There are 2 protein chains.
Amino acid sequence: MTDPRPPATARPYDPTMPSPSTRTNRRAVYDELRRRVVGLELGPGAPLSENELAAELGVSRTPVREALIMLAQDGLVQVFPKVGSFVSRVDERSVADAQFLRESVELASLGDVPAVPDATVVAELRANLARQELAERDAEEFFRLDEQFHQGLLRLAHHEGTWPAVVAAKAHLDRARRLGLQEHSLHLFTDQHTRVLDALLDGGAEAARPLMRAHLRTVFDDIARVRERSPELFAPTAGPPTRRNIAVWE
Amino acid sequence: MTDPRPPATARPYDPTMPSPSTRTNRRAVYDELRRRVVGLELGPGAPLSENELAAELGVSRTPVREALIMLAQDGLVQVFPKVGSFVSRVDERSVADAQFLRESVELASLGDVPAVPDATVVAELRANLARQELAERDAEEFFRLDEQFHQGLLRLAHHEGTWPAVVAAKAHLDRARRLGLQEHSLHLFTDQHTRVLDALLDGGAEAARPLMRAHLRTVFDDIARVRERSPELFAPTAGPPTRRNIAVWE
DNA sequence: CGTACCACACTTGTATACAAGTAGACTGCG
DNA sequence: CGCAGTCTACTTGTATACAAGTGTGGTACG
C-alpha cells in the first residue's frame, strides 16, 4: 500500500538539526536577493533575470529560480510567465494592509505584557535604545535596531512567534519605510520608542497604546509623503513593466 | 464584482495574477497539495516524495519540487535536505501564535466597520449564515462557509486585503481546527456567528468584540482538546520523522 | 512617410541527468 | 546471539537542455 508501516526499530532521535542548519545555495540566493530588495538596492519595478542573476552569483538557474519563487510568495517579486520577473511595486493597498496588520498585532501585544516584565528583555530594550541614539547618522544600523526593538516588545508579551508573520506581511511597508526614513530626523523615532517603553513599564498597556499608535502612524504618514514625491515607485499599473533593452553586442 | 472563478478551492494568496490567469503545472500541484494538507488528506508528519508525487500527478520533479518550496514557505511542509519532505506537524507554539494574530486582526477590524456598513456585503453575510444552518451535516461545506464569513467581516471594515496574510499565518490553526470541528455541534458556531453579526450591526464594535473573542476562543479551546486526544499530530518539533520503508519489489 | 509583418533574442516553464548525503538493511565476524 | 561495518536504495540539491511564448526592433511594402 501507499502507507507502509514504519520500521519497528525504536529511534532515539538525534538532536543534530538537519534542516535549519544546512545552508543551500537556494537559501543564500534568497537571503541575498531579499536583502537587496528590502534595502532598495533593487528598486520597485527592477527586472530580475534568472540567467543574469545566476551568472552574477555563480550558480545555475535552479537555485535562483527557486529563490525567486520564494520571494514571489513573500510578495516582494512578481513573476510573469514567459515575460520576466520584477521587483514588486509598492502599492497603496498593500502598504495600508500591512500597516493595519502590524498595528493590530503590536497594539494587542501590549495588552499581554505581564505586570512584571522579563528583566533581561527590558535590559536589552534599554541597550537597544541607547544604540539607537548613537546610530542617528547610520540609517541602515538604525533600521536594524528599530526592527529589534519592535521584536523585543513582542517578546515581552511572549508573542515573539508572530514576528515572522508580521515581517512577511509588512514587506512592502518596510521598503516604503526605508524610503521615508530621511523625512524625519531619526531622533524623533528614538524619542517615540523611549516614550513607548517608559509608558509601558510605568503605566501598562493603557498608557503605552496611544503612544505606540501615534508612532506607527508617523511611519505610515511618512509613506504617504514619499508617495507624493516618488509616485513611480507605487505601482498604479497592473501589467508588467516594459522589457528592458536587450543586451548589447560586444 | 463577482468572482468568476469556481469557488472549489479558496485560493489563499496569489500575488501574480494581474495578467491573464496563466495556469502553470506548478500552480496546479501547489493547489492540489495544499488542498490535501489543509484537508488532512495528508496528515501531519506524512512523507512527501518528490518522485512519487511527480509520477502520481503526471509531471516531472520540477513543478512538484517548486510547489513543495512554496508550501514550505507557508509553513505547511518541512523539507529536510537529503532526507525527505514531510507535512508539518501542528505544534502548540504555532497554533497559539496564529490564534493571537488572528484574534488581533479580526478584533481590531471590528473597530473599523463604518456606522452604515455596505448593504451588499451584509446581505452576503446573511445569506452565508443561512447556508451555514443548512450545512450542519457537511463539515467541508461548513468550513468553507466559515472562512467566507470571517473574510466578509474583514471586508465590512475594508480590510479584506489582510485576509491572505491571516490565512497564511493561521495555516496550522486551520488544520487543527478541522480536527476539532467534530467536537461541537456545528450549530454552536453558526449561532456564535449570528450573534456576532447582530451585535455588530446593532451595537457596533464594542458590542461585537466580546462575542467575537469568545467565538475565537471556542475554536482555540477545541484545539487544546484535540491535542490531548491525538498528541501524535502535535509533534515534538525538532527532528524529521523516520524514513518510511523502501519500495516493495513486485 | 506610415504601417503591417516577420524574425529574433530573451523570457520563464518543464524535463532530465547527475551529485551529495542519509539511514535503514544486510552481512560477516566475534 | 549481538554488534559493527558496509551496502544500497532513496532522498533532495544543482546543473543543463529543451520547449513554449512574448515583445521589441528591423524590414519590406503600400
Side-chain angles (χ1 to χ4, degrees), chain A residues 2 4-14 16-30 46-55 57-72 77-87 237 239-250, chain B residues 16 18-30 46-55 57-72 77-87 239-250:
Chain A
T2 58
R5 297 297 308 280
T9 314
R11 180 185 61 90
Y13 47 86
D14 198 346
T16 53
M17 302 185 307
S19 166
S21 58
T22 54
R23 264 198 89 73
T24 62
N25 282 350
R26 180 209 319 165
R27 182 73 204 203
V29 172
Y30 172 79
L48 300 169
S49 167
E50 295 178 0
N51 283 318
E52 284 184 13
L53 290 172
L57 300 176
V59 295
S60 78
R61 263 188 67 202
T62 304
V64 171
R65 173 180 177 74
E66 293 173 348
L68 287 180
I69 290 174
M70 294 167 70
L71 290 169
V77 163
Q78 275 182 304
V79 178
F80 298 90
K82 312 301 177 72
V83 176
S85 304
F86 308 88
V87 177
T237 56
T242 53
R243 179 175 293 177
R244 62 191 171 288
N245 289 337
I246 60 177
V248 295
W249 295 92
E250 292 180 355
Chain B
T16 67
S19 60
S21 65
T22 51
R23 187 91 184 151
T24 62
N25 283 348
R26 180 210 319 163
R27 184 81 215 183
V29 172
Y30 172 78
L48 300 170
S49 167
E50 294 178 2
N51 282 317
E52 283 184 15
L53 291 172
L57 300 175
V59 295
S60 77
R61 264 186 67 200
T62 304
V64 172
R65 174 180 176 76
E66 293 174 348
L68 287 180
I69 290 174
M70 294 167 72
L71 290 169
V77 163
Q78 274 182 303
V79 179
F80 298 90
K82 314 302 178 70
V83 175
S85 303
F86 307 87
V87 177
T242 47
R243 179 176 292 176
R244 61 192 169 288
N245 287 341
I246 61 178
V248 293
W249 295 91
E250 293 181 357

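Since the structure is predicted, the reported quantities are computational estimates derived from the model, not experimental observations. Every chain is numbered from 1, with letters handed out A, B, ... down the list of sequences.
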With a 4.0 Å cut-off on heavy atoms, is B:Thr62 in touch with a base, just the backbone sugar-phosphate, or nothing at all?
base

Which whole-number value in Å describes the distance from A:Asn51 CG to C:dT12 C1'?
9 Å

What's the CZ-C1' distance between B:Arg23 and C:dG13, to the nearest Å?
15 Å

Grab the CZ-P distance between A:Arg65 and D:dT12 for me, whole Å please.
18 Å

From C-beta outward on A:Glu50, which listed nucleotide comes closest to its side chain: C:dG13, D:dG13, D:dT16?
C:dG13

Rounded to the nearest 0.5 Å, what separates atom CE in A:Met70 from atom CG in A:Leu68?
10.5 Å

From the options C:dA15, C:dG13, C:dT22, select the nucleotide whose nearest atom is closest to the side chain of B:Val83.
C:dT22

At 4.0 Å (heavy atoms only), tell me whether A:Arg26 reaches a base, stays on the sugar-phosphate, or touches nothing.
sugar-phosphate

Is there a side-chain contact between A:Val29 and A:Val59 (heavy atoms, below 4.5 Å)?
yes

Between the two ends of the helix from C:dC1-D:dG30 to C:dG30-D:dC1, what is the bend in degrees, rounded to 10 degrees, where each end axis spans five pairs?
10°

Rounded to the nearest angstrom, tell me the gap between atom CG in B:Leu57 and atom P in C:dT14.
13 Å

Would you indicate whether the side-chain heavy atoms of B:Val77 and B:Leu48 approach each other to under 4.5 Å?
yes

Work out which heavy atom in A:Ala67 is nearest to a heavy atom in A:Arg26; give both atom names and the distance.
CB-O, 3.9 Å

For the side chain of B:Ser60, counting heavy atoms from C-beta on, which of C:dT14, C:dG13, C:dT22 is nearest?
C:dT14

Whole angstrom is fine here: how far is it from OH in B:Tyr30 over to P in C:dG13?
16 Å

Using a heavy-atom cut-off of 4.0 Å across all strands, would you classify B:Asn25 as base, sugar-phosphate, or nothing?
sugar-phosphate

Roughly, in whole Å, what's the span from CD in B:Glu66 to P in D:dT14?
13 Å

What protein N or O atoms touch nucleotides 17-20 of chain D N or O atoms at under 3.5 angstrom, if any, and at what distances?
none

Got B:Val79 and B:Ile69 here, is their nearest side-chain heavy-atom distance under 4.5 Å?
no

Counting only side-chain N and O atoms of A:Ser49, is one of them less than 4.0 Å from OP1 or OP2 of C:dC10?
no

Output all residues satisfying side chain to side chain contact (heavy atoms under 4.5 Å, CB included) with A:Arg61, sequence neighbours left out; order by chain, then residue number.
A:Glu50, A:Asn51, A:Arg65

Would you please confirm or rule out a distance under 4.0 Å between OP1 or OP2 of D:dT12 and any side-chain N or O of A:Thr24?
no

Please state how far atom CZ in A:Phe86 lies from atom P in D:dG23, giving the value in whole angstrom units.
10 Å

Rounded off to whole Å, could you give me the CG-to-C1' distance for the B:Leu68 and D:dT14 pair?
16 Å

